[in-house]
Number of protein chains: 2
Amino acid sequence: MQTPFSPLDDAPGPRVIQSSRIAAILKLLEARSSLSIAELAARFDCSEETIRRDIRQLEQTGRVLKVHGGVRMPDADFEAPYRLRFREQADAKQQIGRAAAELVEPGMTLLIDSGTTSFWLVRALARVPDLTIVTNSIEVASEVLGRPKQRLFLAGGIINHDYRAAFGPEAIAYCGGFIPDLTIFSMGAIDVERGFLDFEPDEATFKRALIESARRIVVLADSTKFGRKGTTRVAGFGDVADLVTDAPPPHPFVTAAAATGMAVHVARPASAAEAQPL
Amino acid sequence: MQTPFSPLDDAPGPRVIQSSRIAAILKLLEARSSLSIAELAARFDCSEETIRRDIRQLEQTGRVLKVHGGVRMPDADFEAPYRLRFREQADAKQQIGRAAAELVEPGMTLLIDSGTTSFWLVRALARVPDLTIVTNSIEVASEVLGRPKQRLFLAGGIINHDYRAAFGPEAIAYCGGFIPDLTIFSMGAIDVERGFLDFEPDEATFKRALIESARRIVVLADSTKFGRKGTTRVAGFGDVADLVTDAPPPHPFVTAAAATGMAVHVARPASAAEAQPL
DNA sequence: CCATAAAACCACAAAATGTCACACGAGCGT
DNA sequence: ACGCTCGTGTGACATTTTGTGGTTTTATGG
């Protein structure tokens, strides 16, 4: 039951100076993920404006999120790196996903990695029957769940929270046991000289290991990836059979692709009718 | 005036600010596939128009579907078996999850299975720091994602769509490699003579294998499970250290529990103070 | 098909919250 | 003492959110 008094009844003390008050707010937020300004002002016996000033400071350090009427923890959903990447270029990724889906035939076995573009491909595959989908991504797996016509194999291990996927040796070994018709990767960057690059070393290790057993590799990358700098090398152009993107690549990439026989598929803009939200 | 026994009378709190109200609606929708505007307005003690505005926001992000008279989950048409089980006794399961969370200390390693009651435990563990969570359930894993203070290990293999989890030999081997402080199982049925039972043979095999390496086994079961008939035997009363449920069990079960030293914890109904949205 | 009630929508006013500028007073070093 | 900074409170003003009364749309039953 709710007492009429403040629910925060652990020892305010008569005088609380700013630094300790800010620390106290943070501590309270650990217990209750959101607090109202009025509540805090009563709790510390100071004006609401003072609380707001404290919160402005906390917000600048990125530790809390200011909302109308109070504060709350920067909750996973909105600040997580994965969600941020998910929103970047979402339209382009959706188009790419649909275009890549045209490479898939019923009955195929697909190995799909954890990129956000890969997720859109999986969504586009909702109505393709008799697929076998192998993935290391929790997001991809969640999307496939409840499609009784598609078999789902998930690689486990320690989960990387940022990528929502497993990249460890167990995941590599498990995925390596399949012989997929298509091995589908999202890539973080494409370099004319060095080929396909990534940012997360574990992810790159995972992909490199699976290139060995791949029959045909498909790479999904939106047009912002061309010329971007990566930190680890994943594959050369020669390794990849198909590249699906949303805009014609710059010329150096086209010639490099032609030299190695890599097919480049450019997705058409989505027809307005079928645009599907999140 | 609130109806005395509204199914939603946990935790309006004194003032509910907009952002937390929107988050709360989302959470409520997980337990009850559809909600009416009038119900929500009463629940949050605000006008129906305000609820409609919240819902319009939620609809724009594609997270819910607006229907005449209320909201519902986007995928509610195809009620998958998992979702159906999830909604049965959702309130009781939520209470059990909260009660079981009191057995957990910061720093522990937990092995958590794929039952819907287990999911509510994981949700109740949102703010416990430094946990290591091992699971074979995609739903549990999704819930843990984005909690940087908790390490997540996911067991893979072929996924059972109905249970949204992996039960195969890879999952057994992987989970068997851990020595968890608590091994937490949801159970499908409890029989005075035969102990804890289940319906899905694969799930039962998975649990039986993990009983070997368990240090302390905790079983979560709502009160409808007592006396229900199962199809496969999972564990005897002697194997289980703690049983968490939502109502005092019938007498034969109490004596059986006492005979084997199994502790029985009965969850209190949710107190309004602690149900904290988002 | 129409009649009717419920629900949704819209626009505007009221309430709540946020922001900003300025004043006051305590601490502090020259 | 003086001037300075810093934290705080106060009040005017801007912004956001909420409630209300109206009209329009939808669902439903005859």
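In what follows, chains are A, B, ... by sequence order, proteins preceding strands, each numbered from 1.
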| query | Which one of A/Thr116, A/Asp246, A/Asp222 satisfies the side-chain hydrogen bond (donor to acceptor under 3.5 Å, both in side chains) criterion with A/Lys93? | reply | A/Thr116
| task | Could you tell me the separation between the CZ atom of A/Phe44 and the P atom of D/dT8, rounded to a whole number of Å? | result | 11 Å
| field | Contacts of A/Ile158 that satisfy side chain to side chain contact (heavy atoms under 4.5 Å, CB included) - sequence neighbours left out | value | B/Phe153
| said: For B/Glu48, give me all partners under side-chain hydrogen bond (donor to acceptor under 3.5 Å, both in side chains), at least two apart in sequence or on another chain. | reply: B/Arg52
| remark: Residue set satisfying side chain to side chain contact (heavy atoms under 4.5 Å, CB included) with A/Ser142, at least two apart, ordered chain then number -> A/Ile138, B/Ile138, B/Ser142
| remark: Across all chains, not counting sequence neighbours, the side-chain hydrogen bond (donor to acceptor under 3.5 Å, both in side chains) partners of A/Ser186 are A/Ser118
| task | Grab the CG-C1' distance between A/Asp45 and D/dG9 for me, whole Å please. | result | 12 Å
| said: If you compare every side-chain N and O of B/Thr50 against the phosphate oxygens of D/dG19 (OP1, OP2), does one of them come in below 4.0 Å? | reply: yes
| said: What is the distance, to the nearest angstrom, from the CD1 atom on B/Ile51 to the P atom on C/dA7? | reply: 14 Å
| Please give, in whole Å, the distance from D/dC6 C1' to A/Arg21 CZ? | 13 Å
| task | May I have the distance from B/Leu40 (atom CG) to D/dG19 (atom C1'), rounded to whole angstrom? | result | 17 Å
| message | Just the rounded figure in Å: distance from C1' of C/dG18 to CD1 of A/Ile55. | response | 11 Å
| request: Could you list the residues that satisfy ring-ring contact (aromatic ring centres under 6.0 Å, His included) with B/Phe86, not counting sequence neighbours? | output: B/Phe119, B/Trp120
| field | Interatomic distance where CG belongs to A/Asp54 and P belongs to D/dC6 [whole Å] | value | 16 Å
Show the distances under 3.5 angstrom between N or O atoms of the protein and N or O atoms of nucleotides 8-16 of chain C.
residue: C/dA8; atom: OP1; partner: B/Val67; partner atom: O; Å: 3.4
residue: C/dA8; atom: OP1; partner: B/Gly69; partner atom: N; Å: 2.4
residue: C/dA8; atom: OP2; partner: B/Arg52; partner atom: NE; Å: 2.8
residue: C/dA8; atom: OP2; partner: B/Arg52; partner atom: NH2; Å: 3.1
residue: C/dC9; atom: OP1; partner: B/Lys66; partner atom: NZ; Å: 3.3
residue: C/dC10; atom: N4; partner: B/Glu49; partner atom: OE1; Å: 3.4

